[in-house]
Amino acid sequence: IPQQVKEKKPVKDPVKEIKEIVEELYELEKNNGDWNRNQYLRSCLGGRRIRKEEVDKRLFELFAEEHELPLSNHGGEREHRTLGSQLAPNEELRPQLKGFTLCGRDHVIYGQAGAGKTTFALALSYAVYSGHNNLFDREDGVSIYNQGATLWCGSDGEDGALGMAQAYIKKLKPPKQAEWEPHTTFWGANKETGEPPWAFTISNLHQLMNELERGHPTGVPYRLLALDSLKKILELGGIDFGIGPVGTCMRLMQAIAARFNVALVWIHHPKPSASFKNMGIDAAGGNSNIVQIPYAIINLRKKEHKELGQYAEVEIQKLRGEQ
């Protein structure tokens with residue numbers, strides 16, 4: 001008696017299958033889709049020994065591809081250029097607030113607790129809107145073309161972030177406060193409306209792109225993007241600060257800053273014991289990308305004055321293209 005032959009199920013191409021899973025996962029992340037399905041797809045990739053770091057990195061690469069942001073290392077043949085070749089507009093390093101910020105580039109502000117990092121970033125925002133640099137006791141300001149509104153993502157302090165910013169503004173007492181404040185958009189936690197802090201997620205990145213594209217509701221373009229704070233925003237987005245794709249996240253934000261000509265300011269709180277001596281990995285909070293990738297590293301130190309009381313000493317440790 002002949003035995004029945006079982007039909008063999010067609011073997012699915014594993015590469016194609018992984019690609020389909022990642023693309024479905026990206027759509028779920030983009031649209032805040034079903035959490036259970038999201039976790040199931042991630043477990044499927046984990047079962048194929050694909051690390052979470054690699055999954056997150058690929059999702060950010062898909063985001064960059066969708067918005068045509070230069071993030072991927074894949075490209076065509078290289079054009080022959082020399083050190084004397086003409087620069088493309090996006091290759092030029094243009095000062096925004098001379099000695100402090102560059103147009104369309106990223107900056108990390110760090111320092112010990114209470115040194116005034118958030119206050120410093122608010123003063124930058126004021127200078128970028130008003131054009132005046134009187135809060136820094138300098139004469140050179142911001143040109144009209146580089147002036148504009150600020151988008152402030154305040155995740156540090158959760159629902160107290162806005163109150164914290166307003167308290168620091170009272171201490172700054174900027175001359176044109178009534179004009180500047182309405183031109184600073186604040187994104188943060190709000191328990192009354194149920195809004196969470198802004199986090200580094202695919203969905204929130206789409207929201208960010210749309211907002212920068214639209215510009216401020218008054219019609220003024222955004223010229224400064226402040227993210228407070230670096231580690232909190234990444235961790236809220238599920239990015240492991242120690243082993244996650246932090247470098248990819250920072251390069252992605254560099255591409256967004258360049259696209260919209262906004263100066264990006266990361267506010268970073270290092271470990272209490274970190275001195276940032278020689279800008280080492282320990283001082284960077286365990287991830288050297290924090291000091292290696294950005295165009296500028298700005299350190300604030302708390303100082304005491306006999307007559308003036310506490311003040312902040314600002315050291316520009318790195319500002320590419322300048323001394």
Side-chain angles (χ1 to χ4, degrees), residues 70 81-112 115-151 221-230 247 250-268 270 275-281 283-284 287-303 311-323:
R81 298 202 298 174
T82 69
L83 290 176
S85 295
Q86 186 173 356
L87 295 175
N90 65 319
E91 293 179 307
E92 296 179 10
L93 296 180
R94 296 179 292 106
Q96 183 191 55
L97 182 59
K98 189 170 178 59
F100 290 97
T101 57
L102 299 169
C103 297
R105 307 297 178 183
D106 61 334
H107 316 73
V108 170
I109 299 172
Y110 79 92
Q112 64 191 119
K117 298 181 290 295
T118 300
T119 307
F120 179 81
L122 287 167
L124 284 177
S125 170
Y126 177 77
V128 169
Y129 171 73
S130 66
H132 300 297
N133 199 3
N134 51 348
L135 295 181
F136 293 109
D137 296 325
R138 292 169 64 97
E139 294 181 359
D140 45 352
V142 179
S143 66
I144 294 177
Y145 175 74
N146 295 323
Q147 292 173 25
T150 295
L151 176 55
Y222 286 111
R223 286 292 177 257
L224 187 76
L225 172 61
L227 302 180
D228 186 10
S229 62
L230 190 154
M250 298 194 75
R251 288 191 295 114
L252 183 56
M253 290 306 302
Q254 280 184 337
I256 291 175
R259 165 73 62 85
F260 296 104
N261 192 32
V262 297
L264 167 62
V265 172
W266 291 100
I267 299 175
H268 180 49
S275 63
F276 264 78
K277 187 177 180 181
N278 300 322
M279 295 194 295
I281 188 169
N287 200 307
S288 60
N289 290 293
I290 305 306
V291 293
Q292 292 175 356
I293 291 178
Y295 278 78
I297 300 292
I298 301 172
N299 175 225
L300 267 65
R301 298 191 187 94
K302 203 162 39 173
K303 298 286 184 176
Y311 70 96
E313 180 184 73
V314 180
E315 179 188 5
I316 311 297
Q317 292 186 336
K318 177 172 76 171
L319 185 59
R320 288 179 176 169
E322 296 196 17
Q323 288 183 328

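Here the structure is a predicted model, which is why all the values come from computation and not from measurement.
- Rounded to the nearest 0.5 Å, atoms CD1 (Ile290) and CH2 (Trp266) are 8.0 Å apart.
- The shortest heavy-atom contact between Asn146 and Pro95 is ND2-O, 3.7 Å.
- By the 6.0 Å contact criterion, CG on Leu87 is enclosed, its count of non-hydrogen atoms from other residues, nucleotides or ligands being greater than 12.
- Minimum interatomic distance between Arg320 and Gln292 (heavy atoms only, all atoms of both residues): NH2-O, 3.0 Å.
- You'll find the side chain of Gln317 stays beyond 4.5 Å of the side chain of Val291, heavy atoms only.
- In this structure the side chain of Leu230 reaches within 4.5 angstrom of the side chain of Met250, judged on heavy atoms.
- Counting only heavy atoms from C-beta outward, the side chains of Asn261 and Arg94 approach each other to under 4.5 Å.
- Minimum heavy-atom separation, Gly321 to Leu93: CA-CD1, 3.7 Å.
- Remark: side-chain polar atoms of Lys117 are not paired, donor with acceptor, to backbone N or O of Asp228 under 3.5 angstrom.
- The distance from the CG atom of Asn299 to the NE2 atom of His268 is 11.0 Å, given to the nearest 0.5 Å.
- Under the side-chain contact (heavy atoms from CB on, under 4.5 Å) criterion, Gln254 pairs with Asp106, Arg251, Ile293, Tyr295, not counting sequence neighbours.
- Residues passing the side-chain contact (heavy atoms from CB on, under 4.5 Å) test with Tyr126, sequence neighbours excluded: Ser130, Asn134, Leu135, Pro174, Pro175, Lys176, Trp180.
- Nearest heavy atoms, Phe120 versus Ile109: CD2-CD1, 3.4 Å.
- Separating the CZ atom in Arg105 from the CG atom in Leu264 is a distance of 12.0 Å, to the nearest 0.5 Å.
- In this structure, Leu227 CG and His107 NE2 are separated by 12.5 Å, a value rounded to the nearest 0.5 Å.
- Put simply, OG1 on Thr101 and CG on Leu124 are 6.0 Å apart, with the number rounded to the nearest 0.5 Å.
- Heavy atoms only, all atoms of each residue included: Ala127 and Val142 are closest at O-CG2, 3.6 Å.
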Review point. Run the side chain to side chain contact (heavy atoms under 4.5 Å, CB included) check on Val314 and Phe100 step by step: do they pass?
Key: CA-CA 10 Å; Val314 180; Phe100 290 97; 4.2 Å; yes

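- In this structure, CD in Glu313 is found 9.5 Å from CG in Leu300, a value given to the nearest 0.5 Å.
- Between Ile316 and Glu322, the closest side-chain pair of non-hydrogen atoms is not below 4.5 Å.
- Every residue two or more places apart in sequence or in another chain that forms a side-chain contact (heavy atoms from CB on, under 4.5 Å) with Val128 is listed here: Gln96, Arg223, Leu224.
- The nearest pair of heavy atoms linking Asp140 to Lys98 is OD2-CB, 3.6 Å.
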